[in-house]
Amino acid sequence: MSKRSGAGRAMGYRPPYGMTEQNLVGVKTKKYQLETSKYIKLAFLEVLRQQWWVFLIAVGVAAVGFIFPKAAVWFIVAAVVGLILYLLFWLVQFVGVTQLDQFKVMFERFSYELNGKTILMRVNAKEGMQFSWDNIKKAEKQKDAFMLHISRAQFIYLPFSIFNSEHDLRLTEALLRRKNLLPPKPEATNETAA
């Protein structure tokens with residue numbers, strides 16, 4: 001029996017929801033490998049979402065052409081070419097990440113173990129990497145996956161299909177909310193007309 005099980009219970013210690021003292025692993029997933037094409041698409045869409053204002057700059061440059069009608073074509077061409085070059089810059093960055101040795105680990109086949117302290121990415125029973133929750137900048141719940149952002153070019157993608165049960169999925173979501181990486185779940189209000 002551990003020290004926590006006897007004395008801890010008397011003082012109100014209770015393991016997090018869904019975890020027992022014997023099994024503080026939390027959630028174990030099936031193995032998953034992030035495809036490079038999926039990574040490029042997700043990372044590129046994330047940059048577009050974060051830097052949407054670049055499109056406003058292109059529209060602004062093109063709009064200047066209406067002030068100077070004789071040079072309108074050049075302003076529109078400059079706006080379009082600038083926007084295309086900007087988007088190509090980011091696309092090349094993300095394609096390059098898939099080729100670099102230091103990022104190859106992102107595209108290996110892992111199983112994940114998530115608990116209140118760390119995220120463990122296992123290649124097999126003896127090899128793996130451990131991430132502290134402090135390394136995760138933000139998380140988002142998409143329609144079919146959780147995405148944990150480490151940096152602009154690095155993230156952990158956890159599709160719902162790799163979770164062993166609906167319970168594991170709910171437990172992961174609760175863990176992300178407890179870590180303040182997802183917004184709190186809206187409370188159900190029971191409004192009755194008086």
Side-chain angles (χ1 to χ4, degrees), residues 16-19 25-56 58-59 83-84 86-100 103-123 128-191:
Y17 173 75
M19 294 183 189
V25 170
V27 176
K28 286 186 179 182
T29 69
K30 301 172 193 170
K31 286 195 169 237
Y32 175 73
Q33 181 176 8
L34 179 62
E35 299 292 326
T36 55
S37 60
K38 181 81 169 175
Y39 165 79
I40 293 166
K41 177 185 172 189
L42 290 169
F44 191 65
L45 289 174
E46 184 64 23
V47 164
L48 291 179
R49 266 196 337 200
Q50 289 177 359
Q51 299 183 4
W52 57 269
W53 49 267
V54 172
F55 292 97
L56 294 178
V59 168
L83 184 61
I84 290 171
Y86 182 78
L87 295 175
L88 280 175
F89 166 78
W90 283 110
L91 192 58
V92 166
Q93 296 295 315
F94 296 131
V95 170
V97 163
T98 65
Q99 306 302 315
L100 292 174
F103 289 103
K104 288 285 186 194
V105 71
M106 285 178 57
F107 307 106
E108 288 186 26
R109 188 170 174 85
F110 290 110
S111 65
Y112 298 89
E113 295 177 13
L114 299 100
N115 63 37
K117 293 183 180 181
T118 61
I119 301 169
L120 184 61
M121 300 168 63
R122 288 192 181 271
V123 176
M129 291 188 304
Q130 190 169 335
F131 274 98
S132 167
W133 284 103
D134 295 335
N135 293 339
I136 308 298
K137 305 287 187 253
K138 70 174 186 170
E140 61 184 285
K141 182 179 180 182
Q142 299 175 342
K143 66 177 182 169
D144 61 347
F146 291 112
M147 200 162 155
L148 311 177
H149 298 271
I150 299 166
S151 70
R152 184 173 289 168
Q154 288 183 305
F155 55 82
I156 298 173
Y157 185 74
L158 303 171
F160 295 159
S161 62
I162 67 171
F163 292 94
N164 294 312
S165 68
E166 187 68 31
H167 177 265
D168 286 350
L169 196 58
R170 286 193 310 270
L171 187 61
T172 301
E173 184 174 355
L175 181 62
L176 292 172
R177 290 189 197 289
R178 202 168 42 249
K179 295 290 181 185
N180 292 322
L181 295 168
L182 287 177
K185 208 172 202 176
E187 296 293 325
T189 58
N190 208 1
E191 295 179 4

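Values below: every heavy atom of this structure, side chains too, minus hydrogens, waters and symmetry copies.
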Is it true that Arg170 and Glu173 have a side-chain N and a carboxylate O under 4.0 angstrom from each other? no
Is there a donor-acceptor pair under 3.5 Å between the side chain of Lys179 and the backbone N or O of Gly116? yes
Can you see which heavy atom on Leu158 is nearest to which on Phe163, and at what distance? O-CE1, 4.1 Å
Quick one about Gln154 and His149 (side-chain donor to acceptor, distance below 3.5 Å, no hydrogens or angles considered), yes or no? no
Does this structure show an ion pair linking Glu113 with Lys30, if we count only N-O contacts that are shorter than 4.0 Å? no
Full working for salt bridge (Lys or Arg N to Asp or Glu O under 4.0 Å) between Lys41 and Glu35: CA-CA 10 Å; Lys41 177 185 172 189; Glu35 299 292 326; over 6 Å; no
Salt-bridge test for Glu108 and Lys31: reply yes if a basic N is under 4.0 Å from a carboxylate O, no otherwise. no
Heavy atoms of Asn164 and Lys28 approach each other most closely as ND2-O, 2.7 Å
Examine distances only and state if a side-chain atom of Ser132 and a backbone atom of Thr118 form a donor-acceptor pair shorter than 3.5 Å. no
Give the minimum heavy-atom separation between Trp133 and Leu181, together with the two atoms involved. CE3-CD1, 3.6 Å
Is Leu42 close to Met147 at the side-chain level, that is, under 4.5 Å between some pair of heavy atoms? yes
Are side-chain heavy atoms of Phe103 and Thr98 found at a separation under 4.5 Å? no
What's the shortest heavy-atom distance between Pro159 and Ala145, and which atoms? CA-CB, 3.5 Å
Do the side chains of Phe155 and Leu34 get nearer than 4.5 Å, heavy atoms only? yes
Are Phe55 and Leu48 close enough that some pair of their side-chain heavy atoms sits under 4.5 Å apart? yes
Any side-chain heavy-atom pair of Met106 and Met121 under 4.5 Å: no
Which atom names give the shortest non-hydrogen contact between Lys141 and Phe146, and what distance separates them? CG-CE2, 3.8 Å
If I compare all heavy atoms of Lys138 with all of Gln50, which pair ends up nearest, and what's the gap? NZ-NE2, 4.1 Å
Going by heavy atoms in the side chains, are Phe110 and Thr29 under 4.5 Å from each other? no
Report the C-alpha distance between Phe107 and Tyr39 in whole Å, list the side-chain angles of each, state the deciding distance to 0.1 Å, and finish with yes or no for ring pair (Phe, Tyr, Trp, His ring centres under 6.0 Å). CA-CA 9 Å; Phe107 307 106; Tyr39 165 79; 5.3 Å; yes
Under the side chain to side chain donor-acceptor pair (under 3.5 Å) test, which residues partner Trp90, sequence neighbours left out? Tyr86
Could you please spell out the steps behind the side-chain contact (heavy atoms from CB on, under 4.5 Å) verdict for Leu176 and Leu148? CA-CA 9 Å; Leu176 292 172; Leu148 311 177; 3.6 Å; yes
